[in-house]
Amino acid sequence: MKNIQILLVEGEPIVGADLKDKLLEMGFGVIGPFSQGEKALDALSQATPDLILMDIQLAGIWDGVETTHRILEKYKLP
């Protein structure tokens, strides 16, 4: 089976680290976690995830909704 890559965007660093650990234990590849939408968008220039897990409340200028809109404008991702 192909290693599924998940982009993880979570505003709370402790929650992001915990989610990453759990996803890795389940056999998924994890890109991130990122607490800012701007950094998550930048990461997509170097990696193509199969799925994005997006928090609504992020630490950066954009919230999760704005980040998702910007990602979908630029990339075709689920």
Side-chain angles (χ1 to χ4, degrees):
M1 181 171 101
K2 175 183 139 180
N3 187 18
I4 296 173
Q5 296 292 311
I6 299 175
L7 175 68
L8 180 56
V9 188
E10 169 57 54
E12 294 292 328
I14 293 172
V15 175
D18 186 48
L19 283 172
K20 180 177 182 174
D21 289 344
K22 289 178 181 180
L23 290 168
L24 290 171
E25 287 174 9
M26 290 188 282
F28 295 106
V30 179
I31 305 162
F34 299 97
S35 61
Q36 298 179 352
E38 303 85 359
K39 291 184 180 181
L41 182 61
D42 289 342
L44 290 174
S45 66
Q46 298 177 5
T48 304
D50 298 294
L51 180 72
I52 298 174
L53 292 179
M54 179 71 65
D55 188 7
I56 297 295
Q57 296 180 342
L58 300 176
I61 297 169
W62 306 334
D63 65 8
V65 175
E66 178 67 22
T67 301
T68 300
H69 285 297
R70 290 179 183 250
I71 288 171
L72 293 176
E73 285 175 357
K74 198 168 183 179
Y75 300 98
K76 301 275 190 221
L77 297 170

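What you see below is based on every heavy atom in this structure, not just the backbone, and it leaves out hydrogens, waters and symmetry mates.
Between the side chain of Glu38 and the backbone N or O of Trp62, at least one donor-acceptor pair lies under 3.5 Å. Between the side chain of Asn3 and the backbone N or O of Gly29 there is at least one donor-acceptor pair closer than 3.5 Å. Using modelled atom types, one side-chain atom of Glu10 and one backbone atom of Glu12 make a donor-acceptor pair closer than 3.5 Å.
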Ile6 vs Ile52, side-chain contact (heavy atoms from CB on, under 4.5 Å): CA-CA, chis, key distance, verdict: CA-CA 6 Å; Ile6 299 175; Ile52 298 174; over 6 Å; no

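Annotation: side chain of Phe28 is not in contact with side chain of Asp50 (no heavy-atom distance under 4.5 Å). Here the side chains of Met54 and Thr67 are in contact, with some heavy-atom distance below 4.5 Å. Residues Leu53 and Leu23 meet the side-chain proximity criterion, which asks for heavy atoms closer than 4.5 Å.
In the hydrophobic cluster analysis, where Ile, Leu, Val, Met, Phe, Trp and Tyr join through side-chain heavy atoms closer than 4.5 angstrom, Leu51 is grouped together with Met26. Taking hydrophobic clusters as Ile, Leu, Val, Met, Phe, Trp and Tyr residues chained together by side-chain heavy-atom distances below 4.5 Å, Ile71 does not share a cluster with Ile56. Linking ILVMFWY residues whenever their side-chain heavy atoms come closer than 4.5 Å, directly or via other members, leaves Val65 and Val9 in distinct clusters.
Within the structure, every pair that satisfies the salt bridge (Lys or Arg N to Asp or Glu O under 4.0 Å) test and touches residues 51-69, not counting sequence neighbours, is listed here: Glu66-Arg70. The list of salt bridge (Lys or Arg N to Asp or Glu O under 4.0 Å) pairs with a residue in residues 14-28, not counting sequence neighbours, reads Asp18-Lys22.
Taking each heavy atom of Pro33 and Ala17 in turn, the nearest pair found is CG-N, 4.2 Å. Scanning all heavy atoms of the two residues, the minimum distance from Leu44 to Pro49 falls at CD2-CD, 3.4 Å.
For the atom pair CZ of Phe34 and CG of Leu58, the computed distance is 12.0 Å after rounding to the nearest 0.5 Å. Note that the CD1 atom of Ile14 and the OG atom of Ser35 stand 12.0 Å from one another [nearest 0.5 Å].
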